[in-house]
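In the text below, chain A, chain B and the rest are named by the order of the sequence lines, each starting its count at 1.
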Protein chains: 2
Amino acid sequence: MSESNDRLRDVFRAAGRRLTPQRRLILEVLEESDEHLDAEALHDQAKIHDPDISLATVYRTLAVLKEMGLVEEHHLGEDHSHYEAVRDGPHYHFTCLGCGKVIEFDTPLIAQVKQELSEREGVRVIGAHLHLSGYCAQCQAKKAGGQGSNEE
Amino acid sequence: MSESNDRLRDVFRAAGRRLTPQRRLILEVLEESDEHLDAEALHDQAKIHDPDISLATVYRTLAVLKEMGLVEEHHLGEDHSHYEAVRDGPHYHFTCLGCGKVIEFDTPLIAQVKQELSEREGVRVIGAHLHLSGYCAQCQAKKAGGQGSNEE
DNA sequence: TTGCTAATGCAAATCATTCTCAATAAGAAG
DNA sequence: CTTCTTATTGAGAATGATTTGCATTAGCAA
């Protein structure tokens with residue numbers, strides 16, 4: 001317990017930052033969640049383990065983690081942000097306009113788009129967000145079948 | 001002037017909405033702008049022609065136009081929204097993290113991604129937002145050349 | 001022209017996010 | 001293990017964007 005515990009601390013030290021229990025907690029909650037949490041949901045989850053953690057700290061930590069590349073911010077709905085721990089490679093999102101479900105996917109085609117744009121415009125591409133929207137299979141069936149609305 | 005004037009009105013009527021001078025003005029400002037205006041900039045522009053138009057009306061109209069498919073909303077920077085009149089086909093954005101410049105581009109590869117995802121997941125894709133970020137040619141040169149910072 | 005009701009302007013209200021500041025605690029140094 | 005420096009925290013006020021309530025105005029169908 002005295003050795004593996006310091007991996008994350010080293011990452012923070014390398015970034016010239018301090019590893020606090022709050023930061024560790026916030027990152028853990030994000031990593032253990034399958035969802036794309038927003039700041040408030042994240043705060044709620046974190047409060048289970050540390051009832052005193054403040055929303056301001058959540059936002060501040062999110063900014064730090066984002067800067068360190070450990071977390072990504074997404075604008076999925078129309079309003080506020082959602083956050084996600086960076087696991088493997090980049091991936092993209094599809095949101096169902098009917099039920100709100102989010103499907104994650106990946107595709108090499110985006111790398112091609114980056115390549116294409118880099119050559120055409122001379123830019124250096126660092127980040128890519130792709131957000132598709134439409135209707136999932138279930139919601140299509142629902143609309144086609146009957147006009148009964150049993151979904152909010 | 002008594003005939004072409006009603007094109008837009010018909011579009012509104014078909015949507016069960018009223019065409020007001022304010023709505024016409026807001027759409028005109030958006031259509032005549034090359035930029036991706038935010039609500040406040042749009043309000044400023046609109047006030048030139050109608051000093052009494054309110055910011056609330058700008059937001060309300062933007063929502064209506066978006067719903068009618070005449071306008072698109074983008075999250076380009078990190079904070080508030082920018083709006084753009086829908087002209088032709090879909091197109092995508094690159095934002096320079098150095099100077100904030102926005103480059104618009106199009107690519108058939110996104111259509112491929114849609115196709116791919118539709119087949120794989122059975123979804124029906126309606127909208128697509130692709131937002132790349134990085135550094136434009138000038139900002140790369142600036143960073144490489146000297147450390148002189150002449151840019152905010 | 002009339003009447004119904006959507007749309008407007010204004011100001012107050014919300015919502016998400018950031019900031020201020022005194023108190024606390026991480027981590028480097030001794 | 002104690003000390004010191006200063007980044008980080010919690011609480012709440014502040015900010016900025018967007019929305020809403022309400023009384024008034026004005027589209028547009030009849």
Residue-phosphate contact under 4.0 Å: B:Thr57 side-chain N/O, C:dA7 OP1/OP2: no

Nearest-Å distance for atom pair CG/C1', residues B:Asp79 and D:dG16: 9 Å

Nearest-angstrom distance from the residue atom NE2 of A:His43 to P of D:dT9: 12 Å

Between A:Gln115 and A:Glu119: side-chain donor-acceptor atoms closer than 3.5 Å: yes

More than 12 heavy atoms of other groups within 6.0 Å of B:Glu40 CD: no

Gap between atoms CZ and P, on B:Arg17 and C:dT8 respectively (whole Å): 10 Å

Nucleotides 19-27 of chain D: protein proximity per nucleotide (B base, S sugar-phosphate only, - neither; heavy atom, under 4.0 Å): BBB----BB

Phosphate OP1/OP2 of C:dA28: any A:Arg13 side-chain N/O under 4.0 Å: yes

5′-ward residue of the pair B:Phe12/B:Ala39 relative to DNA chain D: B:Ala39

Sugar-phosphate, base or nothing in reach of A:Asp52, heavy atoms under 4.0 Å: sugar-phosphate

Pair B:Arg17 + B:Glu67: basic N to acidic O under 4.0 Å: yes

Nearest-angstrom distance from the residue atom NE2 of B:His80 to P of C:dT18: 14 Å

Enclosure of A:Glu121 CD (heavy-atom neighbours >12, cutoff 6.0 Å): yes

Parallel, tilted or perpendicular: rings of A:His74 and A:His36 (30°, 60°): perpendicular

Candidates A:Val71, A:Ile26, A:Val29, A:Asp38 - the one meeting side chain to side chain contact (heavy atoms under 4.5 Å, CB included) with A:Tyr83: A:Val71

Between D:dA17 (P) and B:Asp44 (CG): distance, integer Å: 12 Å

Interatomic distance, B:Leu62 CG vs C:dA7 C1' [rounded to whole Å]: 15 Å

